[in-house]
Number of protein chains: 2
Amino acid sequence: MDQTICPKFEKALSIMNKRWTSLIIFQLLEGSQRFCEIESAIGVSGRVLSERLKDLEKEGMVKRTVHDETPVRIEYSLTDKGHSLKPALNQIQSWADQWIEAE
Amino acid sequence: MDQTICPKFEKALSIMNKRWTSLIIFQLLEGSQRFCEIESAIGVSGRVLSERLKDLEKEGMVKRTVHDETPVRIEYSLTDKGHSLKPALNQIQSWADQWIEAE
DNA sequence: TATAGTTAGTTACATAAAGTAAGTAACATA
DNA sequence: TATGTTACTTACTTTATGTAACTAACTATA
């Protein structure tokens with residue numbers, strides 16, 4: 001593997017290209033949401049959602065907030081770093097609008 | 001799985017989120033290239049590169065051209081549809097520049 | 001003629017990632 | 001005591017990817 005491609009870009013893609021990551025962030029752009037909301041909104045399995053949210057937290061893109069209610073309520077929201085992906089996702093959205101046909 | 005998210009967007013992500021797809025397109029934005037050039041530039045295995053190029057051809061994003069030389073030379077290039085992903089990839093690039101730290 | 005070299009793949013097999021469905025902790029309510 | 005809730009985790013299956021050897025269709029070299 002040469003080093004022809006920018007390592008920051010490759011790092012970014014290694015995050016974004018993991019299955020579900022982009023959809024999770026896209027979903028959280030609507031506002032903070034809880035585990036089961038994200039799960040049912042995008043159709044990801046609990047096992048993988050749990051994994052991804054931990055990864056995204058570790059990357060500083062998602063924040064996890066515990067509300068001590070009963071039953072416990074946990075909210076996931078985007079940090080600035082997470083939120084700043086919005087323009088990129090919007091570009092993908094507008095590409096999709098132009099080039100993907102409705103099935 | 002609800003249908004809260006735009007199906008075109010989901011389709012777009014199902015293409016882009018496959019491992020290597022974005023890097024392959026990014027690489028081809030530099031100009032048409034042959035199999036082994038892409039392979040060594042981004043470090044993808046031949047097995048997967050072959051699979052991805054077929055997918056991208058089927059999606060109308062990549063064009064495969066055979067030059068009858070010896071040994072045979074095959075060039076892969078972007079179609080308009082493939083090329084039009086450039087703004088999205090540029091957005092990811094600039095996000096990476098801002099938010100990813102050099103290791 | 002036999003041997004080796006070229007590109008663009010394919011094949012067989014091993015490992016890693018994701019899907020599925022059941023289980024758990026820590027409560028509250030009926 | 002049994003049931004329900006949320007936010008996960010665990011065990012197991014299926015799918016995706018990595019690795020490395022192999023093939024087709026030539027040409028060049030010994």
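Residue numbers start from 1 in every chain, and the chains themselves are labelled A, B, ... in the order their sequence lines are given, proteins ahead of strands.
Between A:Lys11 and A:Glu59 there is a salt bridge, since at least one side-chain N of the basic residue sits less than 4.0 Å from a carboxylate O of the acidic one.
Checked against D:dT17, C:dC27, D:dC26, the side chain of B:Thr70 finds its nearest nucleotide in D:dC26. For B:Ser50, counting side-chain heavy atoms from C-beta on, the closest listed nucleotide (C:dG9, D:dA7, C:dA8) is C:dG9. Candidate nucleotides D:dT17, D:dA7, C:dG9 were compared by shortest atom distance to the side chain of B:Arg64, and C:dG9 ranks first. If you check C:dG9, D:dT9, D:dC8 against the side chain of A:Lys54, the one that comes closest is D:dT9. Comparing atom distances between the A:Glu51 side chain and each of D:dT17, D:dT5, C:dA18 picks out C:dA18 as nearest.
For B:Gln33 and C:dT7, the CD to P distance is 15 Å, given to the nearest whole Å. Remark: C1' of D:dA16 and NZ of B:Lys18 are 8 Å apart, rounded to the nearest angstrom. To the nearest angstrom, P of C:dA25 lies 18 Å from CZ of A:Phe35. Between B:Glu75 atom CD and C:dT7 atom P the separation is 14 Å, expressed in whole Å. One interatomic measurement links the two molecules: CG of A:Asp68 to C1' of C:dA25, which rounds to 14 Å at whole-angstrom precision. A:Glu39 has its CD atom 12 Å from the P atom of D:dT9, to the nearest Å. A:His67 places its NE2 atom 18 Å from the C1' atom of C:dA26, with the value rounded to the nearest Å. In this entry the distance linking CG of B:Leu49 with P of C:dG9 reads 8 Å, nearest Å.
In this model, the phosphate group of C:dT7 is not approached by any side-chain N or O of B:Tyr76 to a distance below 4.0 Å at OP1 or OP2. Proximity of A:Trp20 to the phosphate of C:dG19: a side-chain N or O atom is located under 4.0 Å from OP1 or OP2.
Applying the 3.5 Å distance criterion, the base of C:dA18 shares a donor-acceptor pair with the side chain of A:Arg47.
No more than 12 heavy-atom neighbours from other residues, nucleotides or ligands sit within 6.0 angstrom of NZ on B:Lys86.
Each of B:Val48 and A:Glu37 was matched to the nucleotide of DNA chain D holding its nearest heavy atom; the match closer to the 5' end belongs to A:Glu37. Ranked by how close their nearest DNA chain D nucleotide is to the 5' end, A:Arg73 and A:Arg19 are led by A:Arg73.
Looking only at distances, no side-chain donor or acceptor of B:Ser32 sits under 3.5 Å from a matching main-chain atom of B:Glu75. Put simply, the side chain of B:Thr79 gets close to the backbone of B:Gly60: a donor and an acceptor are under 3.5 Å apart.
Listed here is the closest heavy atom pair of B:Phe35 and B:Leu49: O-CD2, 3.5 Å.
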